[in-house]
Asker: 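Have a look at this one.
Convention: sequence-line order gives letters A, B, ...; per-chain numbering from 1.
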There are 2 protein chains.
Amino acid sequence: MQIVLVDDHPVFRSGIAVLLNHLFPTAHVEEVGDKANLDRLLIDGPPPDLLLLDLLFPGFEADADFTSLRKSLAVTPIIVVSMVHDVTTIDRLMTQGANGFVSKGARPEEMSAAFLSVMDGDTVCVYPSGPVLTAPADEAVSSLTPRQLDVLRHVARGLSNKEIARELDISPYTVRIHVSALLRTLGIASRSAAASFAASNGLL
Amino acid sequence: MQIVLVDDHPVFRSGIAVLLNHLFPTAHVEEVGDKANLDRLLIDGPPPDLLLLDLLFPGFEADADFTSLRKSLAVTPIIVVSMVHDVTTIDRLMTQGANGFVSKGARPEEMSAAFLSVMDGDTVCVYPSGPVLTAPADEAVSSLTPRQLDVLRHVARGLSNKEIARELDISPYTVRIHVSALLRTLGIASRSAAASFAASNGLL
DNA sequence: GGCCAACCCGTACACATGTACTAGTTGCCA
DNA sequence: TGGCAACTAGTACATGTGTACGGGTTGGCC
């Protein structure tokens, strides 16, 4: 059994690797930290029996690269392991063919259970357990309209209204309206506070 | 042997716990996720033989709480384990009596070595290994003047110039100068970009 | 068909932000 | 002692930002 574990964070990776070795003692866990090594591994070797995929790591474009990954690995189950757990992102991933979603905030036992279920052919989502700090944030974020969330992501990168307008191919006036609206529903006073909020909550 | 491990992140914590169990097979590792439980543990039980401390977790004020922690635990070695690794923060911690600093970006083997050294009475700092993404960021940040870094931290929280002025008890005009200067030296165009940058680099 | 939410575009105005100056104080170091 | 870096405070000006309007389209739903 061959498992590929993709995450750019060494400690995190080794934490999950230990968990996997405990769950699947016979498996070989290949740890990968960036897109270049992931590509090389998938091209050279045979498709793995399980792919654990972080959403944010060097060289990886969550939206575009996931779909192409899903295509090239037609049969291997893919579980997305991410810091982010806003509803919109997860929905999009599941419709794009992810077999599971596991928040990094979840307890190890919950993760294990999820991994086993997915290997059995199920599709599971695990949200963080216990007292979740980001819960109210998630709630607020998921009450945004898709377009507002879209704009927020750009605000989080520090872009100006004009720049966001260019990227989304709409008028700066419209961007301003989206920003104004999302600030209101999030109960945030300024764009830089929103940027800070979004960056801290993994919306980057 | 009693080890207390403080971090609000379950996976991270279990990753390091596994490492510790491997290093010190006879030790009991107590995992703590927030300040309330940490306080209770330190009041109720005897002082541990080693304290691994994250800098950012619920209820913990890095600057103030670390000094009081250092006072109440006069003999136990304290190793700070943090995502942040800008020079200023580390310097401050070491002068405040930390026995070690380990970046979460470091490889497991390096962490182990650091833990052992500290238990031997040494004082060590471990910076992230390999291709470090945040390295240029750290470089830039540490080239800021103390006051600029101070202001940047406030910007990262989404505060306006006026609010920062109130908190630092200086004129808003002066705040503006600091902001302008730090934007220039960081090569960043706007305050919200700076907020995003700072939040992503753990300066919160 | 009417209704409504979400999206789009624009104007007008108040205020925040960023830069470019001038200028005074402190403290450190050669 | 002179020089320099950092911090402070202010003015003036251009631009960005946030809100309050009005008004348009689309698509879904009763």
Asker: Would you say Val80(B) and Val102(B) make side-chain contact, with heavy atoms under 4.5 Å?
Answerer: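 A side-chain contact under 4.5 Å is absent here.
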Asker: Do Arg70(A) and Asn99(A) meet the criterion of a side-chain donor-acceptor pair at a distance under 3.5 Å?
Answerer: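 Judged by distance alone, the side chains do pair up.
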Asker: Using the side-chain heavy atoms of Lys162(A), tell me which of these nucleotides is nearest: dG18(D), dG16(D), dT8(D).
Answerer: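 So the side chain of Lys162(A) is nearest to dG16(D).
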Asker: Within the structure, does a side-chain N or O atom of Ser190(B) lie under 4.0 Å from either OP1 or OP2 of dG16(D)?
Answerer: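 No.
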Asker: Using modelled atom types only, decide if a donor and an acceptor are shared between the side chain of Asp39(B) and the backbone of Leu42(B) within a distance under 3.5 Å.
Answerer: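 Here the side-chain-to-backbone pair does not exist.
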Asker: Taking the nucleotide of DNA chain D with the closest heavy atom to each, which residue, Ile170(B) or Ser160(A), is nearer the 5' end?
Answerer: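 Per heavy-atom nearest nucleotide, the more 5' residue is Ile170(B).
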Asker: Calculate the interatomic distance between Ile164(B) atom CD1 and dC7(D) atom C1'; express it in whole Å.
Answerer: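 Between C1' of dC7(D) and CD1 of Ile164(B): 16 Å.
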Asker: In a check of side chain to side chain contact (heavy atoms under 4.5 Å, CB included) between Ile79(B) and each of Val126(B), Leu50(B), Leu5(B), which one passes?
Answerer: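 So, applying the side chain to side chain contact (heavy atoms under 4.5 Å, CB included) to Ile79(B) and each of Val126(B), Leu50(B), Leu5(B), only Leu50(B) qualifies.
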Asker: Round to a whole Å and report the spacing from NE2 of His178(B) to P of dA6(D).
Answerer: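 Going from His178(B) (NE2) to dA6(D) (P), I get 11 Å.
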Asker: Nearest-Å distance, CZ (Arg166(A)) to P (dG16(D))?
Answerer: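 Rounding to the nearest Å, CZ of Arg166(A) and P of dG16(D) are 10 Å apart.
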Asker: Using a cut-off of less than 4.0 Å, is there contact between a side-chain N or O of Tyr173(B) and OP1 or OP2 of dT8(D)?
Answerer: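 So the side chain of Tyr173(B) is outside the cut-off, no N or O lying under 4.0 Å from OP1 or OP2 of dT8(D).
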Asker: Salt bridge or not between Arg153(A) and Glu167(A)? Use side-chain N to carboxylate O under 4.0 Å.
Answerer: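 No, this pair does not count.
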Asker: Please find the earliest and latest nucleotides of DNA chain C, in the 5' to 3' direction, that have an atom within less than 4.0 Å of any heavy atom of chain A.
Answerer: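 Endpoints of the contacted stretch of DNA chain C: dA6(C) to dA12(C).
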Asker: On the nucleotide dA20(D), are OP1 or OP2 found under 4.0 Å from the side-chain N or O atoms that Ser180(A) carries?
Answerer: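 No, no such contact exists.
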Asker: Would you mind reading off the distance between Ile177(B) atom CD1 and dT8(D) atom P, rounded to a whole angstrom?
Answerer: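 Rounded to whole Å, this separation is 10 Å.
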Asker: Send over the distance from Leu186(A) CG to dT19(D) P, rounded to a whole Å.
Answerer: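 Atom-to-atom, Leu186(A) to dT19(D), this comes out as 12 Å.
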Asker: For Asn161(B), which of Arg191(B), His154(B), Arg176(B) qualifies under side-chain hydrogen bond (donor to acceptor under 3.5 Å, both in side chains)?
Answerer: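 In the set Arg191(B), His154(B), Arg176(B), the residue that makes a side-chain hydrogen bond (donor to acceptor under 3.5 Å, both in side chains) with Asn161(B) is Arg191(B).
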Asker: For the pair made of CG in Leu183(A) and P in dT17(D), what is the distance, rounded to whole Å?
Answerer: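 Those two atoms, CG and P, are 12 Å apart.
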Asker: Determine the contact category for Thr174(B): base if any of its heavy atoms lies under 4.0 Å from a base atom, sugar-phosphate if only primed atoms, P, OP1 or OP2 are that close, otherwise nothing.
Answerer: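 If one applies the 4.0 Å heavy-atom cut-off, Thr174(B) turns out to touch a base.
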Asker: Take Asp7(A) and Lys104(A) through the test salt bridge (charged side-chain N to carboxylate O under 4.0 Å, His left out) and record every step on the way to the result.
Answerer: CA-CA 11 Å; Asp7(A) 196 313; Lys104(A) 282 184 182 173; 2.9 Å; yes
Asker: With heavy atoms under 4.0 Å as the rule, sort Arg147(B) into base, sugar-phosphate or nothing.
Answerer: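 Sugar-phosphate: the residue Arg147(B), judged by heavy atoms under 4.0 Å, touches backbone atoms but no base.
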Asker: So, is Arg176(A) close to the dT17(D) phosphate, meaning a side-chain N or O under 4.0 Å from OP1 or OP2?
Answerer: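 Arg176(A) to dT17(D) OP1/OP2: no side-chain N or O under 4.0 Å.
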